[in-house]
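Everything on this sheet refers to the single structure shown next.
By convention here, the first residue in the shown sequence is residue 1. Every value quoted in this text rests on a predicted model; they were computed, and no experiment measured them.
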Amino acid sequence: MFQIDAATLQQRITNGETLNLLDVREVIEYHTFNIGGQNMPVGKLKQNINSIFYNKTDEIIVICSAGIRSETAMVILAEAGFTHVVNFKGGLKALQKLNR
């Protein structure tokens, strides 16, 4: 399983990289705070897999608040044929902690 930590993700954002972010938190969580990307709650991911904006071969960084729901989403995406899925280890909580 591929993973990215908060410091590495922050550096890639700072460097201006175009990242494919998939935020699998609930809609209200996403609208409260997000770092961009597509929002698709993990509970709706299987039935809406064809609504994912990204190609199956793109690097997709899966984000949630603590890195747990994103692990579940990685499995769903892999089963659907997505080949370069990366879990954001520690989630947005780790990023917020890093930026304090």
Side-chain angles (χ1 to χ4, degrees):
M1 173 169 61
F2 296 104
Q3 295 197 62
I4 188 169
D5 63 22
T8 304
L9 181 61
Q10 181 67 54
Q11 187 61 50
R12 290 181 67 182
I13 292 168
T14 301
N15 290 343
E17 283 188 51
T18 300
L19 302 173
N20 298 319
L21 304 174
L22 181 64
D23 191 321
V24 297
R25 297 174 303 149
E26 294 300 317
V27 173
I28 188 73
E29 292 175 279
Y30 181 81
H31 287 294
T32 301
F33 170 75
N34 70 76
I35 59 170
Q38 182 179 5
N39 179 228
M40 176 72 64
V42 70
K44 298 178 180 178
L45 188 56
K46 269 188 186 176
Q47 62 265 34
N48 294 303
I49 202 80
N50 293 326
S51 299
I52 300 297
F53 297 158
Y54 312 116
N55 295 317
K56 289 189 174 187
T57 56
D58 289 346
E59 176 191 51
I60 302 171
I61 300 172
V62 186
I63 296 170
C64 69
S65 58
I68 297 167
R69 286 178 280 184
S70 54
E71 285 183 0
T72 301
M74 283 184 68
V75 172
I76 294 167
L77 291 165
E79 288 173 351
F82 289 84
T83 58
H84 196 178
V85 183
V86 179
N87 181 46
F88 180 26
K89 184 179 177 183
L92 291 171
K93 288 180 181 179
L95 190 62
Q96 289 172 317
K97 186 175 182 181
L98 179 71
N99 289 319
R100 281 189 188 145

Query raised in the report: Can you name the salt bridge (Lys or Arg N to Asp or Glu O under 4.0 Å) partners of E29, sequence neighbours left out?
Result: R69
Query raised in the report: Does E17 have any salt bridge (Lys or Arg N to Asp or Glu O under 4.0 Å) partners at least two apart in sequence or in another chain, and if so, which?
Result: R12
How far does [atom1] of [X] sit from [atom2] of [Y], to the nearest 0.5 angstrom?
| X | Y | atom1 | atom2 | result |
| --- | --- | --- | --- | --- |
| Q38 | N48 | CD | CG | 9.5 Å |
| L92 | L9 | CG | CG | 8.5 Å |
| I49 | K44 | CD1 | NZ | 14.5 Å |

Do [X] and [Y] sit in the same hydrophobic cluster, where Ile, Leu, Val, Met, Phe, Trp and Tyr count as joined when their side-chain heavy atoms come under 4.5 Å apart?
| X | Y | value |
| --- | --- | --- |
| V75 | I61 | no |
| I68 | L22 | no |
| F53 | V27 | no |

Does any N or O in the side chain of [X] come within less than 3.5 Å of the main-chain N or O of [Y], such that one atom is a donor and the other an acceptor?
| X | Y | result |
| --- | --- | --- |
| D58 | Y54 | no |
| T8 | I4 | no |
| K56 | A80 | yes |
| Q3 | N87 | no |

Is the shortest heavy-atom distance from the side chain of [X] to the side chain of [Y] under 4.5 Å?
| X | Y | answer |
| --- | --- | --- |
| I35 | I13 | yes |
| I63 | L95 | no |
| F33 | Q96 | yes |
| V86 | E59 | yes |
| N34 | R25 | yes |

So which heavy atom on [X] is nearest to which on [Y], and how close?
| X | Y | value |
| --- | --- | --- |
| F88 | S70 | O-OG, 4.2 Å |
| I60 | N55 | CD1-O, 4.1 Å |
| C64 | V24 | CB-CG2, 4.0 Å |
| V62 | A73 | CG1-CB, 3.7 Å |
| D23 | Y30 | OD2-CD1, 3.3 Å |

**Report entry** Where at least one partner belongs to residues 86-100, residue pairs that pass salt bridge (charged side-chain N to carboxylate O under 4.0 Å, His left out), sequence neighbours excluded
**Finding:** none
